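Written out below as structure tokens is the structure these notes cover.
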Amino acid sequence: MGAPAIELKNITKTFGQIVANKDVCLTVNKGEILSVLGENGSGKTTLMNMISGIYYPDHGHIYIDGQEVLIRSPKDAFKYKIGMIHQHFKLVDVFSATENIVLGLKDEKNFSLKDSEKKIREITAQYGFELEPSKKIHEMSVSEKQTVEIIKVLYRGADILILDEPTAVLTPQETKKLFAVLRNMRDSGKAIIIITHKLHEVLSLSDRVSVLRKGEYIGTVNTAETNESELTEMMVGKKIELNIERTKVEETPDRLEIRNISCINREGVTLLNNVSFTARAGEILGIAGIAGSGQRELLESIAGLQKLNEGEILYHNPSTGYTENLRDKSPVKIKELGVRLSFVPEDRLGMGLVGNMDIIDNMLLRSYKKGKSAFLNRKNPKDLANKIIEDLEVVTPSAKTPVRRLSGGNVQKVLVGREIAASPTVLMVAYPVRGLDINSSYLIYNLLNKQKESGVAVIFVGEDLDVLIELCDRIMVINSGKITGIVDAETATKEEIGLLMTRNDGGESNE
Amino acid sequence: MSKPAVKNHEPLFHVVKRPAIPTWQSLLIRAGAILAALIVAGLVTFFLTGLNPIDVYSTMIDGAIGTEKRIWNLLQGIALLLCVSLAVTPAFKMKFWNIGAEGQALMGGLAAALCMILLSDKLSPALLILVMFITSVVSGAVWALIPAIFKAKWNTNETLFTLMMNYIAIQIVSCFSFKYSVPKGSGSIGIINSISKAGWFPSVFDQKYFLNILIVVILTVLLYVYLKHSKHGYEIAVVGESENTAKYIGINVKKVIIRTMILSGALCGIAGLLMVAGTDHTIATDTVGGRGFTAIMVSWLAKFNPIMMFLTSFLLVFFEKGAIAISSEFDLNNSFSDIITGIIIFFIIGSEFFINYSIKFREKEEKRK
């Protein structure tokens with residue numbers, strides 16, 4: 001471990017009345033991997049954005065190699081050899097890896113793509129990346145794109161690398177490879193900062209961990225001297241149990257039967273490819289897969305928002321005993337058939353809720369059509385809003401607060417609360433804990449479990465394999481619109497699911 | 001590495017988002033903006049013309065509300081502008097950028113004028129006004145319906161479409177102006193039915209504009225209730241905020257777009273009726289007089305709240321009337337009133353920035369340590 005590469009002292013940043021960072025101090029040494037751990041909304045990304053010149057701090061000092069510096073723009077950050085790899089990649093799709101990496105560089109004399117490619121090959125060999133520099137970005141997997149982003153900053157000579165949630169989009173196998181590369185970089189003297197909220201990654205990768213909570217700096221510990229429960233306590237501020245109970249429901253009749261559905265979009269891309277499965281009442285069916293593998297289209301076609309090219313969606317109505325085909329029916333039609341379907345979409349404020357409306361008016365979304373009057377009845381929605389605020393402990397000034405002002409966890413509680421209040425027989429949830437703190441996440445898991453126990457068929461699209469394995473009864477894996485396997489969650493392993501997630505990946509294997 | 005001189009230069013200021021501020025504070029900022037606008041406009045007046053700003057302003061106020069007649073004229077001006085503003089509001093709330101209010105109102109006015117010309121000797125006065133009302137509403141609605149259908153069916157750009165419809169409307173009106181011009185070939189229609197006054201709105205309490213004002217007051221209240229408390233209004237808000245959410249809860253988005261644009265166009269048609277039957281008693285290409293565009297500003301500044309729109313249209317009409325008064329009183333060029341109005345509007349719109357953001361200046365070196 002070397003001398004400090006970068007030091008932050010008393011950094012404060014506010015956005016309006018929200019204090020994103022308050023007196024944060026942080027040191028990263030050369031040849032070290034530092035994890036910055038914290039729940040969503042604890043100010044990790046804001047802090048890193050100040051190091052990389054996207055935001056400018058209100059107060060505080062930044063030192064690089066012991067010298068105080070001012071970083072006012074990404075250009076300044078580049079000058080101080082700081083490179084950030086964002087969660088969302090910033091690459092030109094139709095360019096090759098090499099072209100993307102050299103894009104925007106000005107100061108090279110006798111520039112030639114060949115020389116650059118050679119230099120890129122040197123970098124990949126040095127640290128153990130796997131990348132073909134001439135490959136076009138649009139032909140790449142997510143993990144390859146991430147590799148391009150990392151090489152981009154290394155090519156520019158970065159000595160301090162910041163990675164914002166780098167494993168969020170990777171499979172377990174890809175994560176392992178990334179970690180190996182990061183260790184190589186550490187050993188060659190780079191200072192690396194990883195932003196994450198996944199505890200096991202912190203423990204397996206980093207040398208030291210700095211914890212933030214609600215914008216405040218809590219402390220730094222050596223990874224070797226800590227454990228999961230201590231870190232959780234630092235992160236959340238109190239001890240909590242991290243167990244999900246999985247109960248078995250005796251009777252699990254088939255509720256929703258999907259038969260050979262296929263969906264091709266206007267551009268001719270196959271989004272769903274001959275998908276068949278059954279969702280049973282009293283069961284949580286997990287859906288695992290790399291983001292964008294067709295999860296969204298699958299749920300939307302069941303909800304009546306996506307036109308299908310082939311197949312059937314059969315609903316076995318428990319109260320009438322009839323079977324209805326829901327294919328290509330509008331959400332209103334589906335409701336009229338007596339199908340009690342609730343849907344918590346991935347895009348909460350863009351689809352499930354209206355950000356600028358208050359909680360009461362968001363409750364109205366599901367019920368406003370009731371009755372013959374031309375005017376709205378806000379009485380029942382108001383009662384429902386207050387009930388949800390109380391039952392789910394939604395933190396809000398009042399039921400009349402616009403939903404977009406609430407934190408991510410509270411927004412999700414409002415949405416899930418509304419959807420459950422409709423007493424569904426089928427409940428579909430997409431990434432319901434994305435962006436939620438640990439307490440809220442477990443509250444949501446409990447709610448889903450209760451729904452399952454009361455005989456609801458729950459379909460849960462998730463990204464954290466550990467949670468899927470703990471919570472679900474069966475896990476279905478989707479890969480490029482195709483179902484590659486349905487496994488029993490009690491016996492499945494992460495590696496097994498990870499393999500299914502990438503298998504047959506358009507001929508382009510990542511192994 | 002770069003020159004060390006750059007190193008310790010903190011930027012002079014940076015912009016910081018404000019927390020939500022209480023209403024009184026935002027009103028204070030707006031009032032401050034108007035005050036600042038008056039000072040700047042006063043300075044501009046002084047340096048350009050050498051006139052005493054206080055005199056200029058008192059003339060302005062006098063010009064707008066100096067006599068009872070002027071007050072009625074002011075209210076009438078507000079009524080016409082507000083009516084067009086009400087018309088565009090449902091569309092804007094739906095994020096359908098209807099900038100074709102000018103043309104829609106013109107078509108409504110044209111329909112009323114044609115009824116006055118062609119039917120005055122065939123129908124009783126009351127029936128004539130009823131027919132005028134219906135034809136105006138339908139013409140305005142049709143003019144708005146055309147771009148709405150194209151938007152709903154083929155997702156065409158409504159901004160360009162409604163804009164181009166304005167020019168078509170202007171050409172149609174100028175075509176009819178020739179056909180029915182008095183005297184023949186002059187190209188202008190002149191006052192219609194100036195003797196029989198058929199199709200003219202009657203005076204109430206000796207005020208010829210009373211009916212206009214009353215109609216707009218009623219429309220304002222109705223539209224407020226419609227947008228805020230009706231199911232239709234709720235659907236408009238949801239479609240405007242997020243089309244995905246609308247589809248998710250099963251709103252037929254195309255239907256809402258078409259229905260709302262019919263409403264928007266119909267209100268424009270009524271505005272055209274008020275301008276022809278209640279005000280000018282003739283039709284010309286400039287009958288609407290740019291109100292279709294000013295209305296956009298009225299609606300936006302009031303954040304699409306019909307009640308607040310009364311205040312914003314008051315502000316604009318007041319300054320417009322006042323500016324005209326100073327132009328004639330001090331024998332200034334007509335453009336001068338535009339300059340004053342422009343300065344004032346600039347400050348009012350600019351104040352919105354300071355309601356959402358504040359500016360932080362570099363702290364002094366000693367204070368930082």
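Labels below follow one simple rule: chain letters A, B, ... track the order of the sequence lines, proteins then strands, and each chain is numbered from 1. Note that this is a predicted model, so its numbers are computed, not measured.
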Using non-hydrogen atoms and a 4.5 Å limit, figure out which bit of Glu243(B) sits close to chain A: side chain, backbone, both or neither.
->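 When you check distances to chain A, no heavy atom of Glu243(B) falls under 4.5 Å.
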Is it the side chain or the backbone of Ala246(B) that comes within 4.5 Å of chain A heavy atoms, both, or neither?
->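 No part of Ala246(B) comes within 4.5 Å of chain A.
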As an exercise: rank [options] by heavy-atom pairs under 4.5 Å with chain B and give me the winner.
{"options": "Lys81(A), Arg378(A), Lys333(A)", "answer": "Arg378(A)"}
{"options": "Asp347(A), Val332(A), Val354(A)", "answer": "Val354(A)"}
{"options": "Gly350(A), Gly304(A), Ser330(A)", "answer": "Gly350(A)"}

Start with the C-alpha distance between Ser242(B) and Asn244(B), add both sets of side-chain angles, then the distance that settles side chain to side chain donor-acceptor pair (under 3.5 Å), and finish with yes or no.
-> CA-CA 5 Å; Ser242(B) 157; Asn244(B) 270 333; 5.4 Å; no
Locate the shortest heavy-atom distance separating [X] from [Y]; write the atom from each residue and the value.
{"X": "Glu158(B)", "Y": "Phe96(B)", "answer": "CB-CZ, 3.4 Å"}
{"X": "Lys30(A)", "Y": "Ala191(A)", "answer": "CA-CB, 4.3 Å"}
{"X": "Cys83(B)", "Y": "Val216(B)", "answer": "CB-CG2, 3.9 Å"}

Let me know if Asp361(A) has heavy atoms under 4.5 Å from chain B in its side chain, its backbone, both or neither.
->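 Answer is both: backbone and side chain atoms of Asp361(A) are under 4.5 Å from chain B.
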Does any heavy atom of chain B fall under 4.5 Å from the side chain of Leu305(A), the backbone, both, or neither of them?
->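 Looking at Leu305(A), just its side chain touches chain B.
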Has the side chain of Asn362(A) got a donor or acceptor atom that lies under 3.5 Å from a matching backbone atom of Leu353(A)?
->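 The answer is no, because no donor-acceptor pair under 3.5 Å joins these two groups.
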Sequence-distant partners of Lys303(B), salt bridge (Lys or Arg N to Asp or Glu O under 4.0 Å), two or more places apart |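 In terms of salt bridge (Lys or Arg N to Asp or Glu O under 4.0 Å), with neighbours along the sequence ignored, Lys303(B) is linked to Glu352(B).
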Which residue out of His229(B), Lys247(B), Glu235(B) racks up the most heavy-atom pairs below 4.5 Å with chain A?
->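 Looking at each of His229(B), Lys247(B), Glu235(B) in turn, His229(B) comes out on top.
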